[in-house]
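What follows is a short report on a single structure.
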Amino acid sequence: MSSDFFDLLYNGYTGEYQLMSSLYRNGLDALRPPADMGIDVVSLNLKQQLEHPGVEPETFFFQVKTAVTDVCEVEGQHGAITTVTFKLKESEVDLLAQGRERALFCYVYNSMAGTLTDAFETPFMCFWMDGERLETLRRAGAFYRQEGDTKLTLACQLRKPKHEFGHWYALVVNSDGGQVDGGYLGVVGGLGNPASDGADHYSVSGYLDYARRAAGATGGEE
């Protein structure tokens, strides 16, 4: 078995356990299903239910993808860009695109240790897309199949504007590198230029706030 297989496997586990750790930090229980059903991580509000009888069950479903890329800035110059791609089965997209209680989390790690992050183990960027946004992106042509590939490709550009105080942001692009409708996810750590849904797409807490807000507005359950 090739070393590439193990690299992909271990990188995948890295992102999954990174997500699980963040879910624990947000007071939720997280688990990995024993079988590959297209969902990598499931979260439950078990702690809240045990402490406060009567609290409604809350369940979220996550697919996790990871990428490793070179991310660097040239000293004395502002602005940077890198493109990362994620592979998904069409059945996985179908599964995720059924609602906001399901989401794709993407973790990007910087292969150039020490340049923009303290260590290689620290994700350079994490961003998410809930099921409704994934369906919007699919209709806009974000997912494409490369020649000879059985899986769909989702391409994202990580960009930093040229001006000195620019913030990094993620942008979903099509096979030609053009911006896809609904593909702009707002900026990292900045208050200006939010995503169209107003959510923080770069943190687990941002996803939880967004999904819970939607559930509260509809009076439904997660």
Side-chain angles (χ1 to χ4, degrees), residues 12 15-49 54-66 86-107 125-145 151-156 170-174 179-186 194-222:
E16 291 173 15
Y17 282 105
Q18 189 81 50
L19 173 59
M20 293 175 70
S21 176
S22 296
L23 289 167
Y24 289 136
R25 288 287 296 167
N26 281 274
L28 296 175
D29 292 275
L31 58 90
R32 296 179 68 247
D36 184 0
M37 297 177 285
I39 295 297
D40 296 317
V41 176
V42 177
S43 72
L44 307 168
N45 62 336
L46 180 60
K47 178 176 179 292
Q48 289 90 334
Q49 291 183 68
V55 170
E56 293 291 336
E58 179 184 69
T59 308
F60 297 109
F61 305 92
F62 305 99
Q63 170 72 238
V64 183
K65 296 296 179 183
T66 62
F86 306 96
K87 300 290 186 179
L88 295 94
K89 299 176 183 176
E90 190 164 3
S91 60
E92 292 175 336
V93 180
D94 291 339
L95 188 66
L96 292 171
Q98 296 181 26
R100 292 188 184 182
E101 75 282 358
R102 308 176 187 205
L104 172 67
F105 264 76
C106 300
Y107 286 89
M125 188 183 293
C126 163
F127 51 91
W128 58 266
M129 289 161 273
D130 69 288
E132 290 186 0
R133 181 166 287 253
L134 285 172
E135 180 59 28
T136 297
L137 292 171
R138 175 161 61 176
R139 292 178 180 176
F143 294 94
Y144 58 92
R145 185 173 279 108
K151 292 185 177 181
L152 299 175
T153 296
L154 179 68
C156 300
L171 182 71
V172 179
V173 297
N174 57 28
Q179 179 177 343
V180 175
D181 288 343
Y184 174 64
L185 301 181
S196 58
D197 54 18
D200 170 14
H201 281 267
Y202 302 98
S203 70
V204 171
S205 61
Y207 167 72
L208 295 173
D209 290 344
Y210 176 74
R212 287 166 175 162
R213 185 168 68 246
T218 60
E221 298 178 6
E222 297 297 342

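Summarising the geometry of H201 relative to D197, their closest heavy-atom pair is NE2-OD2, 2.9 Å, with the distance given to 0.1 Å. Closest heavy-atom contact between M20 and A30: CE-O, 3.6 Å. Of all the heavy atoms in S43 and L23, the pair that sits closest is CB-CD1, 3.8 Å. Scanning all heavy atoms of the two residues, the minimum distance from Q48 to V55 falls at O-CG2, 3.9 Å. Of all the heavy atoms in P194 and Y184, the pair that sits closest is O-CE2, 3.6 Å. The minimum heavy-atom distance linking E101 with Y207 is given by the pair C-OH, 3.2 Å.
Scored by the side chain to side chain contact (heavy atoms under 4.5 Å, CB included) test, V42 finds L31, P33, I39, L44, T59, F61 as partners (sequence neighbours excluded).
Here L104 contributes atom CG and L137 contributes atom CG; the two are 10.0 Å apart, rounded to the nearest 0.5 Å. Expressed to the nearest 0.5 Å, how far CD of E90 lies from CG of L95 amounts to 13.0 Å. How far SG of C156 is from CE of M125: 10.0 Å, rounded to the nearest 0.5 Å. Going from atom CG of L154 over to atom CZ of F143 covers 4.5 Å, rounded to the nearest 0.5 Å. Note that SG of C106 is 4.0 Å distant from CE of M129, once rounded to the nearest 0.5 Å. Taken to the nearest 0.5 Å, the CZ atom of R145 stands 4.5 Å off from the CG atom of L152.
Taking the six-membered ring for Trp, F62 and W128 have ring centres at least 6.0 Å apart. Taking the six-membered ring wherever Trp is involved, the centroid distance between the rings of F105 and F127 does not fall below 6.0 Å.
Salt bridge status for R138 with D94: present, with a side-chain N to carboxylate O gap under 4.0 Å. Salt-bridge check for K151 with E92: failed, with every basic side-chain N at 4.0 Å or more from each acidic carboxylate O.
The closest donor-acceptor contact from the side chain of D130 to the backbone of E132 lies under 3.5 Å. Although no hydrogens or angles enter the test, the distance criterion places a donor-acceptor pair under 3.5 Å between the side chain of Q63 and the main chain of G38. Between the side chain of N45 and the main chain of P57, no donor-acceptor pair closer than 3.5 Å is present.
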Under the side-chain contact (heavy atoms from CB on, under 4.5 Å) rule, what do L185 and R133 come out as? Steps first, then yes or no, please.
-> CA-CA 10 Å; L185 301 181; R133 181 166 287 253; 3.9 Å; yes
Could you please spell out the steps behind the side-chain contact (heavy atoms from CB on, under 4.5 Å) verdict for D181 and T136?
-> CA-CA 8 Å; D181 288 343; T136 297; 5.8 Å; no
Go through the steps for Y202 and C126 under the test side-chain contact (heavy atoms from CB on, under 4.5 Å), then give the verdict.
-> CA-CA 5 Å; Y202 302 98; C126 163; over 6 Å; no
Should L96 and L88 be marked as a side-chain contact (heavy atoms from CB on, under 4.5 Å) after you check the CA-CA gap, both sets of side-chain angles, and the distance that decides it?
-> CA-CA 11 Å; L96 292 171; L88 295 94; 4.2 Å; yes
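Applying the salt bridge (Lys or Arg N to Asp or Glu O under 4.0 Å) test to every pair with at least one member in residues 22-45, sequence neighbours left out, gives these pairs: E16-R32. Screening residues 199-210 for salt bridge (Lys or Arg N to Asp or Glu O under 4.0 Å), with sequence neighbours left out, gives no hits.
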